[in-house]
Amino acid sequence: INTATKSDDKGKKENDSADQTIKIGALLPATGVYASLGENVNNGMELYFEEHNWEVAGKKIEIVHEDSEADPQVSLRKLRKMIEQDKIDILTGPISTAVAYAIRDDVDKNKLPFLVSHAGGNDLTRSKRSDYIWRSSFSSWQIGHSMGQWAFNNVGKKIYLTAADYAFGHEVVEAFKEAYTNAGGEIVDEVYPPLGNNDYSSYLGKMNRDDIDGIYAFFAGSDAVRFVQQYEQYGLKGKIPLIGSGWLVAEDVRPQQGNAPEGIKSSIFWDYSLETEENKKFVEAYEKKFNKRPSIESLEGYDAAAIMAKAIESLNGDVSDPTKIVEQISSVELISPRGLIKFDKDTHHVIQDLYIVETVVVDGSTENKVIDTISQVVDPGK
Amino acid sequence: MSTLFLQMMNALSYGFLLFLITCGISLVFGILGVLNLAHGSLYVLGSYVGFSIIMKSGLPFWFALLVVPFVIAIIGLIIEIILLRPTYKLGHLSQVLLTFGLAYIFHDLFSIIWGKNILAVSPPEILNHSVEMMGYMIPAYRLALIAIGCVIAILLWYTQEKTKWGAVIRAGLSDKEMVGGLGVNIHLVFTLVFFFGSLLAGLGGVLGSPVLGMYPGMEFQILILSLVVLVVGGLGSVTGTFVASLLVGFVETFSRFFVPELSLIITFALMAVVLVVRPQGLVGRRI
Amino acid sequence: MLSLKEVNSYYGASHVLHGVDLEVKKGEVVALLGRNGMGKTTMIHSIIGFVKKVQGEVLFEGQNMAGLQSHQIARKGIGIVPQGRRIFPNLTVTENLTVFANMKGGEWDLERIFTCFPRLKEREKSHAGNLSGGEQSMLSIGRALMRNPKILLLDEPTEGLSPLMVGEVMDVLLMLKETGMSMLLVEQNISTALSVADDVYIISKGKVVYHDHPEKLKNNMDIAYQHLALSS
Amino acid sequence: MEKEIILSLRGLSKAFGGLKVIEDITLEVKVGEKIGLIGPNGAGKTTLFNMIAGDLAPSGGTISYFGELINSSPNYKRTQEGIVRTFQKNNLMLGLTVKENLLLVLQRMSKEHTQWWKQAKKGNYSTLFETANKILQEWGLSEYSESKVQDLSYGVQRQIEIIMAVAGKPKLLLLDEPTAGMSQVETDQIIGLINKLPSEVTIIMIEHDIDVLFGNSDRVIVLHTGRLIADDHPEAVRENPEVKEIYMGREGAVHA
Amino acid sequence: MRKKLIQGILLFLIMVFVPFFLSLYYVNILTEILILGVFAVSLNILVGQTGLVSLGHAAFFGAGAYATGLAATNISSNVFFTLAIGMSLAFLLAIVIGFVSTKAHGFYFLMLTLACSQMIYSIVYQWTKVTGGSNGLSGIPSPILFGSFELSNQVFIYYFILVVFTIVIFIISRLLHSPLGYVFIGIKENEERMKSIGYNTAFYKNLSFLIAGTLGGLAGSLYVIFNGFISPSDVYWTVSGSVLIMVLIGGAGTLWGPVIGAAFIVILETIISSYTENWMMIIGITFILFVIFAPNGIAGIFTSIQQVLFNRNKVEVEKSIIKPIKQQTKMDG
Ligand SMILES: Nc1ncnc2c1ncn2[C@@H]1O[C@H](COP(=O)(O)OP(=O)(O)OP(=O)(O)O)[C@@H](O)[C@H]1O
Ligand SMILES: Nc1ncnc2c1ncn2[C@@H]1O[C@H](COP(=O)(O)OP(=O)(O)OP(=O)(O)O)[C@@H](O)[C@H]1O
Ligand SMILES: [Mg+2]
Ligand SMILES: [Mg+2]
């Protein structure tokens, strides 16, 4: 049996070098709560490869899509399919951190280069680090930590913490807490509503107190919509400043929030409004192709595609050796729409700028505006 | 003291929101005995159609409130006549499978038609502000929900208790054939009740959308939430669902306030406790 | 008024009634006798439309009812007291009586039922499922009467009734007969059946094996026993 | 020798809410007695059975079985100890065949039922099959043995109801209107078989068919509005004017 | 019976040779089917035999999986040890949940099991220190069979799981036709009457719940052995829902139905979702077609085909013992 599988392995390699297409596996959710994130990452990748005629270093690029359903069990099944059936050369995805952790061992065992284009779990580039896993998006730590000092300087000395009760929320808030208290701030209290909570009124009631200078919130998706709306409806807006991660006021949730997010300040590694050449070009192309604004996940997809393309290029299209692929990925350095990005070779994690963004009302609807930059944030890796 | 008052108001408004979401399934499952797992989907469909009317076509909220329930009710009607009827003689497990299949189909239809993004609906202009009560701001829309909830509760209670419809349906549940033998077209009755159940789902969908919004997969959360409220109240009576909605509203709101760590577990714990103490729910009739 | 011509009834693949002919004239009480499992209930159910597969003609006031749904059949003026009572256990006694009532042109109303069966009056607010067996039988009869039918199908209406109540029910039936109501009565107690019947049928294994005037049988019960026992 | 007392009720009563259904019944039954229980509809006969069999908890009073208080013993335990009842309203495993219904009774008594590794059809179990076949044959129901109960006519289901109880080898058999819904031919047959049960089997039978009842009881008990109003030899009860008045009615004689 | 045994052995041998013909990918899918097959078979004891429709079976899967995962990470990764730990926790949980929920009937039972399993879910979800919270428990070491013989290869794991699966199926096939199995069916048909016949139905319902729960835990343990991770989404009620659907689609109350159902769902989902994003719609339509055209599940289709092809009497006896969907489960309480 052993020999059978081994020869199978060899077959794979031979096939690939003969083949003229490079297969990229995209393990992204197409159904369920995270479906829109998956769709946006996909769009970003497609935009990039379309701009390059789906060709890199003379080889055709093919994306193999599999619906992860944001479910680790399903994802693992799909991953195995992509490895065995589709014989993908590089993997990207997967949105959900739980999925990333679940497939980590199989990826590692199979020596499959895996460029994480969205999944924040700190451990992925810490205790669960693998030679074959590199992350181009962000870590929870980067998001939370970046705002600590800033909040102490610009918001106040006493802050109330709140986050959706799941690992991502906790990690972000922990990082913020660390930075903020180190800076000298005091966390007055914290509360963790469950993920997918539909009524924040009682939590807001707890936060509605006079002895705090602000609220730091981590919510995303429908939670962000509801939280920010109810923050306004229950009269906290204008009374207690709200800060948080960029997902609180992300491109794809703001339209649903009305004018409620006005004045929220958040930290994030890209914003629609960034005034760089690269970003303007990206935004324009994206809007032309998809007829809607890019979201941060679109950018993540776009960047991931760019990084993979760069790596393949420097290998002249020879993707037969996975160690070489990851080596090349690790050396990619580029000016992306989000600014300069490169990899930290120790942690396998991206080094990037973080922006402090304020939400303002322009012509009756909200826009984000970059008000500060924290440059080249490096995840500590432990 | 006044924070308690605020939480009371929150609990009340949340409770009524729950009632608006659950009254449809209370009618269809609690009273008609049809376990419709696609009920959450009908609710979400109501929200989405309402979204198209209000946010896309720019028509007034009230117009959507009037039209959408009927659209959903007609869709419910078609589902009942074509798909559900044959399952009545097969039993509940077949209904589980069938309506779960429907929910799957709806899930994909939603993302094909309305995309995968989160959507929200703005409340009607006149309610799009907050009212100050005892120094606290309370959204006017929530207060309006309390009023509408009361009206619907009374209407439902009246039809169930004071007309013979409730009795005919209960009779049909225990012996459909015999009801036919006594000259009542029980199929028609079932279809009508399903129609009204779907109507209420649509109504709940429109009314709930400014608060809850909609996103892929929401239907399953709504479904579970509704089922929990339904069993806490007990199957078979709108009164039970009403009581349970308020109870769940209060327990959830106050537990969030006092012991936020437990909020994920609290509804289910409440349900478990109620069922262990009273195996047929708070107000449930033994069917 | 009601006549069955060459009726064949099936449950799925099993053929239960084999070419049955039967007639109930206006104002007549027809008794249907037979051992257990011979097809009496099937016959009643074929008339009211509970049996799905019925071939042949079931004529009511000259109109063929085969193929109609049971609620349509019932609305033509056919009342039924089914076997096993089949009252609605989760409805109260009053609900059982009133919900399906048809007051148009009828003489039976709640009050009258309660005078006939005072026991029901005492239990009017109870759930019918809590009634005793005999009380349920009364309720089932009352429920059928409340529909003020033109013809009554009675499938062992006296089952579980005390002798006193059997007498009362028989009185009611006799009185109904006097007012011109037609009835098809299935009964196990032959003498009770014969005390009201104008015509008697005995069926065995889904076929009519005997049809005559009750007097014939009254004078000679052995005939009845013979025909009844024959089937074994 | 005086026969042992199998069942003794002391001050037994039952109320549903405010409705007193059984009031202060005291009664002793000796082993092997055949007792007829009559009373107008709603007198409380079935309720009394429910309490003896453990399907209903009494509101007051005691029930003793062979001198032992069984008030709090659950119904299945009483059945295991020999108190077996039939139901006035058919209560069977409708989706199973007649034989399977019967086998469930037989295997319970054979104590084999907790064995999951044995195959029902093999070993000892085949003797159960034979017993089942024998019983069905004896009761003239062989032709139905493989039919699902739900496909049978009402009267046949009533017969199975009785077989299920008799097959349980009762010491105290509670028959609730056994012959209701049965034709006369079947009634004769069933009663004949019940009479063939071993003489030490105690039987209490509720029956509205007074021919059957008076013909087969050593003692008749009359219940009226939850109270015991007569307890005597059949002939004495039959002549009792109060019983005539409340139970038999004018026509009582006609049926006799 | 003997014929069945020979058929079973043949099937087992075919399964043994599968890895020689199929690629690792298919072997993996097959392993997953076997695991979910065990899971579905265990639920079938409740749903198909005892008539207790549970929507909380994932709790046991989760209990088995987490216990196995934690034991393997922290104590020893010997398979037998971790399996035993997983099953023991599931067993204990089944005692508690069974005690609470078997008191309720029909739909209330369903909702009570749902409530209990959602509480387990919350615990798993929020007890981050132990369970890893929403990120799950990953990096669980490969199981060790004997001494230092690691089941590192997917094919070895397949064989191990195949053996366990075979044992479970054997046990269940005995149970299904055993006197105890009949008692369960009797309870499904008419619990009240079973009491009157002299069965302590509360005990038997708990027993059935225990067997089902423990085997459900076994499935969870196998899952961890196979995948090396477990996350809260595997304890969520949707998992209970999908295993219930496997049982229904396959044919409740039959031996192979649930396994076939598991295979059907896994294969359908895997294949279709690779071709279209809208796979849920196709699966949904399949469910509906099943209800309309094959209300007795796939096993029911087989029986009908057999009936048409062969002498029908033989099958009929079988069928009447194992009653498929026509539910007596009074969900209206
Ligand atoms: N639902 C059914 N499916 C299949 N066969 C049935 C069904 N109902 C009745 N039968 C069969 O039809 C035959 C006639 O039954 P029916 O109920 O008409 O008898 P009956 O004369 O009313 O008997 P009883 O005196 O016992 O009520 C019986 O052999 C019975 O087994
Ligand atoms: N669960 C209950 N709740 C309320 N009342 C009940 C309940 N069970 C029985 N009763 C009432 O108690 C009385 C006695 O009922 P029971 O069934 O014992 O009568 P019975 O003597 O068996 O009559 P029958 O000869 O008609 O069967 C009836 O009037 C009935 O309505
Ligand atoms: Mg009959
Ligand atoms: Mg009685």
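To find a chain, count down the sequence lines: A is the first, B the second, and so on, and within it residues start at 1. Note that this is a predicted model, so its numbers are computed, not measured.
Note that CG of A:D67 is 12.5 Å distant from CD1 of E:I272, once rounded to the nearest 0.5 Å. A:D106 CG to E:S138 OG: the interatomic distance, rounded to the nearest 0.5 Å, is 11.5 Å. Atoms CG and OG1, on E:N278 and A:T31 in that order, are 9.5 Å from each other to the nearest 0.5 Å. Remark: E:S23 OG to A:Q85 CD distance equals 5.0 Å, nearest 0.5 Å. Separating the NE2 atom in A:H65 from the OG1 atom in E:T276 is a distance of 12.0 Å, to the nearest 0.5 Å. To the nearest 0.5 Å, the span separating OG1 on E:T238 from CG on A:D71 amounts to 7.5 Å.
Using a 4.5 Å cut-off between heavy atoms, E:Y236 makes no contact with chain A at all. For A:E171, the part lying under 4.5 angstrom from a heavy atom of chain E is the side chain only. Proximity to chain A (any heavy atom under 4.5 Å) is restricted, for E:N28, to the side chain, taken from C-beta onward. Both the backbone and the side chain of E:E277 have a heavy atom closer than 4.5 Å to some heavy atom of chain A. For E:F17, no part lies near chain A; criterion is any non-hydrogen pair under 4.5 Å. Both the backbone and the side chain of A:K81 have a heavy atom closer than 4.5 Å to some heavy atom of chain E. Contact annotation for A:L195: only side-chain heavy atoms (C-beta onward) come within less than 4.5 Å of a heavy atom of chain E. Contact annotation for E:L36: only side-chain heavy atoms (C-beta onward) come within less than 4.5 Å of a heavy atom of chain A. Both the backbone and the side chain of A:R80 come within less than 4.5 Å of a heavy atom in chain E. For A:T97, the parts sitting under 4.5 Å from any heavy atom of chain E are the backbone and the side chain alike. Neither the backbone nor the side chain of E:V239 comes within contact range of chain A; no heavy atom of the residue lies under 4.5 Å from a heavy atom of that chain.
Interface check for chain A: of the options E:L137, E:D234, E:T128, the most heavy-atom pairs under 4.5 Å are formed by E:D234. Heavy-atom pairs under 4.5 Å with chain E peak, among A:P72, A:A30, A:A167, at A:P72.
With no hydrogens or angles considered, no side-chain donor-acceptor pair links E:S233 and A:Q73 at under 3.5 Å. For the residue pair A:K78 and E:S274, no side-chain donor N or O sits within less than 3.5 Å of a side-chain acceptor on the partner.
Counting only heavy atoms from C-beta outward, the side chains of A:L76 and E:F229 approach each other to under 4.5 Å. Taking the side chain as every heavy atom from C-beta outward, A:E69 and E:M280 never approach each other to under 4.5 Å.
Other residues, nucleotides and ligands contribute only 12 or fewer heavy atoms inside 6.0 Å of the CG atom of A:N291. Dense packing is recorded around CZ of E:F81, with more than 12 heavy atoms of other residues, nucleotides or ligands lying under 6.0 Å away.
Nearest heavy-atom pair, A:D105 versus E:G139, reported as atom, atom and distance to 0.1 Å: OD2-CA, 3.4 Å. Here the shortest heavy-atom pairing between E:Y125 and A:D165 reads CE2-O, 2.9 Å.
No cation-pi contact links A:R77 to E:Y223, judged by a cut-off of 6.0 Å to the six-membered ring centre and 45° from its axis.
Remark: the backbone N or O of A:A98 is not paired with any side-chain donor or acceptor of E:S231 at under 3.5 angstrom.
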